[in-house]
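Notes for the one structure printed next.
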Amino acid sequence: KAVVSTQSTGIKQADEIEKILCHKFMRFMMMRAENFFILRRKPLEGYDISFLITNYHTEQMYKHKLIDFIMEFMTEIDKEISEMKLCLNGRGRVCAVEYLKMFN
């Protein structure tokens, strides 16, 4: 008898830039789902990311390590999106400054 548990969650998206970055980053991660044994290729409707944990996973892996992995994974995703947003804003600022120099 296989027991299946799906854990789905949303990722903080405060503005349109974070929504776009989150969507692109999640697509990137989903294409590599086979490298993350419990990551679903397609999240459940209404969520940004879903994990699929089966009886096999709970028998072959330590439960507390699974939980730690999910928590660390979500923390790192939030951190990555924040860093991408800062980088994007910095690049935008540099482009705007260079463009506005033409008018001085």
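Owing to the predicted nature of the structure, the values given are computational and were not obtained by experimental measurement.
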**Asked** Quick one: ring pair (Phe, Tyr, Trp, His ring centres under 6.0 Å) partners of Tyr47, sequence neighbours excluded?
**Response** none
**Asked** Are there more than 12 heavy atoms of other residues, nucleotides or ligands under 6.0 Å from atom CD of Glu45?
**Response** no
Side-chain heavy atoms of [X] within contact of [Y], under 4.5 Å:
| X | Y | answer |
| --- | --- | --- |
| Met74 | Ile11 | yes |
| Ile49 | Met29 | no |
| Leu39 | Glu34 | no |
| Glu59 | Asn55 | yes |
| His64 | Phe69 | no |

**Prompt:** Where the side chain of Arg40 meets the backbone of Ser50, is there a donor-acceptor pair that is under 3.5 Å apart?
**Reply:** no
**Item:** Backbone of Ala14 reached by a side-chain donor or acceptor of Glu18 within 3.5 Å
**Value:** yes
Interatomic spacing from [atom1] in [X] to [atom2] in [Y] - rounded to 0.5 Å:
| X | Y | atom1 | atom2 | result |
| --- | --- | --- | --- | --- |
| Leu21 | Lys19 | CG | NZ | 12.5 Å |
| Glu83 | Leu88 | CD | CG | 13.5 Å |
| Ile67 | Met71 | CD1 | CE | 9.0 Å |
| Tyr56 | Met61 | OH | CE | 6.5 Å |
| His23 | Asp48 | NE2 | CG | 10.0 Å |
| Glu72 | Ile77 | CD | CD1 | 11.0 Å |

**Prompt:** Knowing that exactly one of Leu52, Thr54, Leu66 qualifies, which makes a side chain to side chain contact (heavy atoms under 4.5 Å, CB included) with Ile38?
**Reply:** Leu66
**Request:** Carefully, step by step, assess Asp15 and Lys85 under the rule side-chain contact (heavy atoms from CB on, under 4.5 Å).
**Result:** CA-CA 10 Å; Asp15 57 19; Lys85 183 178 178 184; 2.7 Å; yes
**Prompt:** Transitively linked via ILVMFWY side-chain contacts under 4.5 Å: Phe36 with Phe25?
**Reply:** yes
**cation_pi(Arg32, Phe28) dist<6.0 Å, angle<=45** = yes
